[in-house]
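Okay, so here's the structure we're looking at.
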Amino acid sequence: MKKTIFSGMRPTGKLHLGHLVGALQNWTRLQDEYHCVYSIVDWHAFMGEYENSVPIRGYISDMAVDWMACGIDPERSIVYVQSQVPEHVELHMIFSCMTPLGWLERNPTYKEQLREITSRDLQTYGFLGYPVLQAADILLYKAAAVPIGEDQLPHIELTREIARRFNFLYKKNVFADCDAILTETPRLLGIDGRKMSKSYNNAINLSDPAPVVKEKVRQMITDPQRVRKSDPGRPEQCNVYSYYKVFAPELLQDVTEWCTQARKGCTDCKAGLAECLLKRLAPIQEKRAELLRDQERIPAILQEGQRKAQAIARRTLNEVKEVIFPI
Ligand code: TRP
């Protein structure tokens with residue numbers, strides 16, 4: 001029997017290279033081994049973007065297109081929009097009744113977000129419960145494992161605690177423990193060397209046309225000590241090198257020599273990287289264009305995903321209700 005994995009992504013902007021190497025490549029690979037359930041978690045997006053929710057709808061279909069273009073296969077995986085399966089909200093509500101406030105208030109990811117994100121008011125009742133909804137996502141499908149980034153580990157821990165608390169309170173093993181599957185790829189930085197993020201406007205998007213990719217790579221920050229082409233550079237201090245590591249590991253030896261022996265300047269080195277990125281993006285963008293030619297395709301995939309997801313979610317929720325309100 002194949003195990004189930006669940007993961008979700010918030011539709012808050014265009015997908016970029018960080019999503020590709022940090023999540024989607026991994027998600028695609030996992031389809032061989034597991035029953036995969038991948039959700040476009042629009043309620044989680046809404047929790048942070050409730051003041052500016054209009055663009056979310058567009059990001060949802062964009063996200064679905066990018067997922068398929070990167071290799072998520074709707075024949076093998078369940079792909080759907082969280083808000084189209086209301087069972088998420090129902091289980092979230094039930095869990096919220098039994099989750100102690102202290103667990104949520106001491107969550108390091110929550111505390112960090114309150115500190116870092118100042119452009120929006122996140123001091124809300126709903127946002128405190130963000131990980132409770134995430135627990136409901138995972139447990140509705142009784143997922144055994146959850147592919148995520150390291151920043152999400154506290155949420156997986158909380159999911160386990162909620163599952164155990166539920167089982168303990170109602171003396172029935174409805175939910176099992178879930179494990180995190182961490183991606184090994186190092187975090188890709190943005191073109192300015194900060195964390196890649198749409199809010200920093202430093203990302204290379206999966207849908208960027210070739211001239212945009214080239215221009216963004218041209219702007220990338222390299223070893224600040226390498227001022228002239230004749231100065232030897234330090235690859236480990238260079239963001240361009242870290243991209244080569246991820247996208248063209250076969251060239252690393254060459255790139256190291258160009259740089260440390262000052263054989264090639266940064267401009268040439270970046271042009272080479274841009275070519276590698278374009279080669280990686282070409283099949284994705286072709287698939288993207290193909291998907292966009294058929295207007296019915298993405299809505300049909302999401303509708304089918306909704307149907308399959310809801311059937312599983314409904315079953316779990318019925319089980320939960322029988323346990324909390326036995327006849
Ligand atoms: N919190 C996750 C993130 O920001 C998104 C998410 C929501 C998720 N529900 C999930 C991830 C369930 C894994 C499993 O990346």
Side-chain angles (χ1 to χ4, degrees), residues 3-13 15-16 18-27 30 34-49 56 59-60 63 66-67 72 77-92 95-96 99 104 107-114 116-117 120 122 126-163 175-183 185 187-188 195-199 203 305 309 312-313 316:
K3 289 184 179 165
T4 298
I5 69 163
F6 182 96
S7 201
M9 221 184 256
R10 283 172 302 132
T12 54
L15 297 202
H16 52 60
H19 294 113
L20 177 66
V21 302
L24 289 171
Q25 275 180 188
N26 208 26
W27 290 15
L30 291 164
Y34 295 92
H35 281 302
C36 297
V37 183
Y38 295 132
S39 183
I40 298 174
V41 288
D42 53 346
W43 284 134
H44 280 104
F46 183 71
M47 282 179 178
E49 307 283 335
I56 292 179
Y59 293 141
I60 291 174
M63 181 168 274
D66 279 330
W67 284 10
I72 303 299
S77 299
I78 299 178
V79 178
Y80 73 101
V81 179
Q82 184 190 39
S83 68
Q84 292 181 1
V85 178
E87 283 75 4
H88 287 256
V89 178
E90 231 177 313
L91 189 58
H92 165 249
F95 284 164
S96 71
T99 306
L104 301 174
N107 173 354
T109 309
Y110 173 70
K111 289 199 283 191
E112 186 191 308
Q113 281 174 319
L114 283 194
E116 302 272 311
I117 304 173
R120 289 162 281 157
L122 295 179
F127 193 70
L128 180 67
Y130 182 108
V132 181
L133 179 60
Q134 185 160 347
D137 295 343
I138 297 165
L139 296 173
L140 265 184
Y141 303 90
K142 303 195 174 184
V146 186
I148 38 146
E150 221 164 355
D151 62 315
Q152 296 292 311
L153 278 175
H155 294 170
I156 302 305
E157 189 51 45
L158 205 81
T159 299
R160 277 194 225 125
E161 281 168 3
I162 291 174
F175 300 112
D177 277 352
C178 61
D179 292 315
I181 300 178
L182 288 177
T183 323
T185 346
R187 197 177 274 279
L188 266 195
K195 175 180 182 248
M196 190 180 280
S197 153
K198 70 153 184 158
S199 34
I312 304 170
T316 305

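Treat the numbers as computed from the prediction; the structure is a model and nothing was measured. Indexing begins at 1, ligand by ligand and atom by atom, following the structure's order.
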*Would you check the N or O atoms of H155, main chain and side chain alike, for any that come under 3.5 Å of an N or O of ligand 1?*
no

*Which heavy-atom pair separates Y141 from T4 by the least distance, and what is that distance?*
O-CG2, 3.9 Å

*Find all atoms of ligand 1 within a distance of less than 4.0 Å from any non-hydrogen atom belonging to F6, and give their numbers and elements.*
12 (C), 14 (C)

_Close-contact set for ligand 1 against Y130 heavy atoms, below 4.0 Å_ = 1 (N), 2 (C), 3 (C), 4 (O), 5 (C)

*H88 vs Y80 aromatic rings, parallel, tilted or perpendicular, using cut-offs 30° and 60°?*
tilted

*Which atom names give the shortest non-hydrogen contact between P147 and F6, and what distance separates them?*
CD-O, 3.4 Å

*Of the protein's non-hydrogen atoms, which lies at the shortest distance from atom 10 (C) of ligand 1, and what is that distance?*
Q134 CG, 3.4 Å

*Can you pull out the closest protein heavy atom to atom 9 (N) of ligand 1? Residue, atom name and distance to 0.1 Å, please.*
D137 OD2, 2.7 Å

*asked:* As an exercise, identify every atom of ligand 1 less than 4.0 angstrom from a heavy atom of V146.
replied: 13 (C), 14 (C)

*Please state which part of I138 comes within less than 4.0 Å of ligand 1, counting heavy atoms only: side chain, backbone, both or neither.*
side chain

_If the cut-off is 4.0 Å to any non-hydrogen atom of R10, which atoms of ligand 1 fall inside it?_
4 (O)

*asked:* Please give me the minimum heavy-atom distance between A313 and L140, naming the atom from each residue.
replied: O-CD2, 3.7 Å

_Contact (N/O only, under 3.5 Å) between S7 and ligand 1_ = no

*Looking only at heavy atoms, which two atoms of T12 and E49 are closest? And how far apart?*
CG2-CG, 4.1 Å

*Check ligand 1 against Q152 and write out every atom of the ligand that is under 4.0 Å from a heavy-atom position of the residue.*
1 (N), 2 (C), 3 (C), 4 (O), 15 (O)

*Got the closest protein heavy atom to atom 5 (C) of ligand 1, with its distance?*
G8 O, 3.6 Å

*Looking at the rings of H155 and Y130, which for Trp means the six-membered one, are their centres under 6.0 Å apart?*
yes

_To the closest 0.5 Å, what do you measure between CG (L139) and OG1 (T159)?_
6.0 Å

*Looking only at heavy atoms, what is the nearest atom pair of V132 and L104, with distance?*
CG2-CD2, 3.7 Å

